[in-house]
Amino acid sequence: MRNRMVATGAATLCMALGLTACGGDSDSGDGKTIKLVAADYGDKASNASKVYWNQVKKEFEKANKGYKVDVQVINWNEIDKSVKNMIQAGDEPDLLQTGGYADKVADDLLYKADEVMSAKTRENLIPTFAKAGEVDGTQYGIPWVSSSRVMFYNKDVLKKAGVKAPPKTWDELAAAAKKIKAKKAAETPYALPLGPEETQGETMMWELGNGGGYTDASGKYTLDSARNVETFEWLKSELVKPGLTYANPASTDRKTAFADFAAGKVGMLNGHPSLIQMAKEGKVDYGVAPIPGKEGPLKSTLGVADWMMAFKDGGAEKEGVKKFLDFTYSKKMLAFDEMYNLMPVTQDALKTMQTNGRHKDLEPFFEVLPSAKFYPLGDTTWDVVSAEIKKTGGKAVVDDPKQVLGDLQKKAETAAAEAK
């Protein structure tokens with residue numbers, strides 16, 4: 001999740017550690033060769049994404065005589081730069097799987113989803129994720145994998161502190177954190193990572209809990225709305241000042257918070273599926289619950305997705321690209337999701353993973369997935385605005401929230417005006 005789903009970016013949901021780029025085959029240039037560039041989700045040779053894509057290539061070519069697939073898998077740290085160079089050189093891939101798509105739409109590089117996917121295949125996408133792939137009501141981004149967020153808690157820490165149940169509201173969370181601190185049950189009662197790694201993710205989860213968010217119903221940025229300012233004022237006064245979280249959340253990244261939780265140093269935090277394995281490896285007896293909101297648990301949590309997209313100026317025939325996407329999304333999505341224990345974006349894969357008994361640890365994430373809320377991914381200025389949030393958004397819990405969010409709002413408005 002960009003998420004790094006995993007986080008938020010995106011995510012994202014990126015739960016990948018990244019390997020070196022794997023070279024592709026040579027392009028025959030006859031319109032029958034589909035050039036695919038994809039991100040690597042693996043952390044070792046045995047689970048490198050090249051392994052998955054080579055199997056897809058083999059099966060697709062066997063089922064579709066005359067077509068060839070040129071696969072190039074690139075690590076997450078390099079893929080955006082590599083693709084940018086391809087575009088500048090006029091050597092666009094036919095298909096790209098990475099963390100974002102809207103900037104390509106702004107440059108008029110992409111096919112619409114209904115031009116390269118059959119109606120049956122598109123109808124199998126989980127609706128909320130398909131909707132998140134839209135720009136001005138038209139879908140260009142095709143969801144690939146997803147992530148949703150819940151609250152993780154250390155059962156032993158809560159028990160030692162005398163907290164009988166995970167909190168459902170902000171006030172209950174603050175009260176639980178105070179008990180954890182008083183009993184010295186954990187080094188950090190609540191982990192609030194608002195550092196540059198994924199400020200935009202933690203911020204949105206808290207803002208959703210107060211009926212806020214990044215945009216209004218019309219899509220206009222509302223970063224400094226009264227509800228958002230109120231959210232950060234609460235965080236500042238109820239968690240940061242009393243010492244119930246990190247001394248400086250604005251410089252603390254998610255990876256630090258996750259590592260601390262896996263080491264038994266944290267009582268509670270918001271997290272995505274990659275934290276499950278980390279907690280197990282750290283022998284932490286953890287539980288999960290819906291993320292607390294001001295008045296009650298979030299009804300819609302944060303969702304993060306990575307994306308597939310099709311370039312209009314690639315060398316392959318559009319019909320071949322359509323055949324490949326229909327093949328992959330109807331037959332091979334489950335294999336990728338299970339290879340990395342990631343959340344699905346297709347309804348059939350979701351149903352299978354919910355019922356085959358192999359993914360019990362993901363059940364809480366499955367429950368909140370269909371109603372997840374997303375970043376304004378379809379806004380072509382989101383990449384710029386997100387980068388600004390990462391740089392300075394966390395300061396809202398140590399400085400004046402109204403001023404910090406107000407400065408971000410001005411930058412968002414400037415970016416929107418320049419995009420027109």
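- Residue L408 comes nearest to G393 through the heavy atom pair CD1-CA, 3.9 Å, listed as atom of the first residue, atom of the second, then distance.
- F365 places a side-chain heavy atom less than 4.5 Å from the side chain of I276.
- Using a 4.0 Å cut-off between a side-chain N of Lys or Arg and a carboxylate O of Asp or Glu, K236 and E233 do not qualify as a salt bridge.
- For T138 and D136, the side-chain atoms include no donor-acceptor pair closer than 3.5 Å.
- Going from atom CD of E317 over to atom CG of D94 covers 10.5 Å, rounded to the nearest 0.5 Å.
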Side chain to side chain donor-acceptor pair (under 3.5 Å) assessment of Y286 paired with D361: CA-CA 11 Å; Y286 74 94; D361 53 0; 5.3 Å; no
Trace of the side chain to side chain contact (heavy atoms under 4.5 Å, CB included) decision for W206 with F232: CA-CA 8 Å; W206 281 96; F232 275 91; over 6 Å; no
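- A donor-acceptor pair under 3.5 Å links the side-chain atoms of E115 to the main chain of K112, judged by distance alone.
- Atom NZ of K390 and atom CD of E388 lie 11.5 Å apart (nearest 0.5 Å).
- Between the Q72 side chain and the V37 main chain, no donor and acceptor come within less than 3.5 Å of each other.
- The two residues K322 and S118 have their closest heavy-atom pair at CE-N, 3.7 Å.
- N154 places a side-chain N or O within 3.5 Å of a backbone atom of V157 that can act as its donor or acceptor partner.
- The side-chain heavy atoms of S146 and L342, taken from C-beta on, include no pair separated by under 4.5 Å.
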Working for salt bridge (Lys or Arg N to Asp or Glu O under 4.0 Å), residues E123 and K120: CA-CA 5 Å; E123 289 167 1; K120 181 179 179 180; over 6 Å; no
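- Taking NZ of K318 as the reference point, atom NZ of K312 lies at 10.0 Å (rounded to 0.5 Å).
- For N64 (side chain) and F60 (main-chain N/O), a donor-acceptor pair under 3.5 Å exists by modelled atom type.
- Using modelled atom types and a 3.5 Å distance limit, the side chains of D40 and N75 yield no donor-acceptor pair.
- Taking 4.5 Å as the limit, some side-chain heavy atom of N248 sits within range of a side-chain heavy atom of V398.
- Residues N210 and E230 have side chains that bring a donor and an acceptor to within less than 3.5 angstrom of each other.
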W170/L173 under side chain to side chain contact (heavy atoms under 4.5 Å, CB included): CA gap, chis, key distance, verdict: CA-CA 5 Å; W170 288 358; L173 186 147; 5.5 Å; no
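- When each of W144, F324, F336 is checked for a ring pair (Phe, Tyr, Trp, His ring centres under 6.0 Å) with Y329, only W144 meets the rule.
- Summarising the geometry, atom CG belonging to D253 is positioned 7.5 Å from atom OG1 belonging to T199; distances are rounded to the nearest 0.5 Å.
- The nearest pair of heavy atoms linking V51 to A45 is CG2-O, 3.8 Å.
- Using modelled atom types, one finds no donor on one side chain facing an acceptor on the other under 3.5 Å when comparing T256 with Y246.
- Side-chain contact between M268 and P166 is absent, with no heavy-atom pair separated by less than 4.5 Å.
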Ring pair (Phe, Tyr, Trp, His ring centres under 6.0 Å) between F374 and F129, intermediate numbers included: CA-CA 9 Å; F374 294 86; F129 287 90; 4.8 Å; yes
Chi angles and distances behind the side chain to side chain contact (heavy atoms under 4.5 Å, CB included) call for Y41, Q97: CA-CA 11 Å; Y41 290 73; Q97 185 278 301; 2.8 Å; yes
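- Atom CG of L208 and atom CG of L302 lie 7.0 Å apart (nearest 0.5 Å).
- Relative to the six-membered ring of Y67, K32 meets both conditions, a distance below 6.0 Å and an angle of at most 45° to the axis.
- A 4.5 Å side-chain heavy-atom check between L244 and Y190 finds every atom pair outside the cut-off.
- Within 6.0 Å of the NZ atom in K168, the count of heavy atoms belonging to other residues, nucleotides or ligands does not exceed 12.
- Side chain to side chain, Q139 and Y101 fail the donor-acceptor criterion of an N or O pair below 3.5 Å.
- Checking side-chain atoms of S371 against main-chain N and O of S300 turns up no donor-acceptor pair under 3.5 Å.
- Judged purely by atom type and a 3.5 angstrom limit, T188 has no side-chain atom pairing as donor or acceptor with the backbone of A191.
- For T301 (side chain) and R149 (main-chain N/O), a donor-acceptor pair under 3.5 Å exists by modelled atom type.
- A side-chain donor-acceptor contact under 3.5 Å links N356 and E338.
- Of the possible polar contacts, none joining the T252 side chain to the G195 backbone as a donor-acceptor pair under 3.5 Å is found.
- The backbone N or O of S225 sits nowhere less than 3.5 Å from a side-chain atom of T222 that would complete a donor-acceptor pair.
- Taking the side chain as every heavy atom from C-beta outward, M353 and R358 never approach each other to under 4.5 Å.
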Step-by-step salt bridge (Lys or Arg N to Asp or Glu O under 4.0 Å) determination, K35 to D91: CA-CA 10 Å; K35 180 179 179 181; D91 185 30; 3.0 Å; yes
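- In terms of heavy atoms, V229 sits closest to P401 at O-CB, 4.2 Å.
- Remark: the D326 side chain and the T121 side chain contain an N/O donor-acceptor pair separated by less than 3.5 Å.
- Under 4.0 Å is where a charged nitrogen must lie from a carboxylate oxygen, and between R227 and E207 no such pair does.
- Side-chain atoms of W76 never come within 3.5 Å of backbone atoms of A39 as a donor-acceptor pair (strictly under, hydrogens ignored).
- With a 4.5 Å cut-off on side-chain heavy atoms, D107 and T380 do not count as touching.
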CA sep, side-chain torsions, deciding dist, call: I87, F311, side chain to side chain contact (heavy atoms under 4.5 Å, CB included): CA-CA 10 Å; I87 294 171; F311 284 75; 3.9 Å; yes
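- Here the two rings, on F258 and H272, have centers that are under 6.0 Å apart.
- T215 is linked by a side chain to side chain contact (heavy atoms under 4.5 Å, CB included) to Y221, P376, counting only residues two or more places apart in sequence or in another chain.
- To the nearest 0.5 Å, atoms OG (S386) and CG (D379) are separated by 11.5 Å.
- With a 4.5 Å cut-off on side-chain heavy atoms, P344 and L334 do not count as touching.
- Of all the heavy atoms in A113 and I142, the pair that sits closest is CB-CG1, 4.2 Å.
- Scanning both residues, K65 and K62, for their nearest heavy atoms gives CE-O, 3.5 Å.
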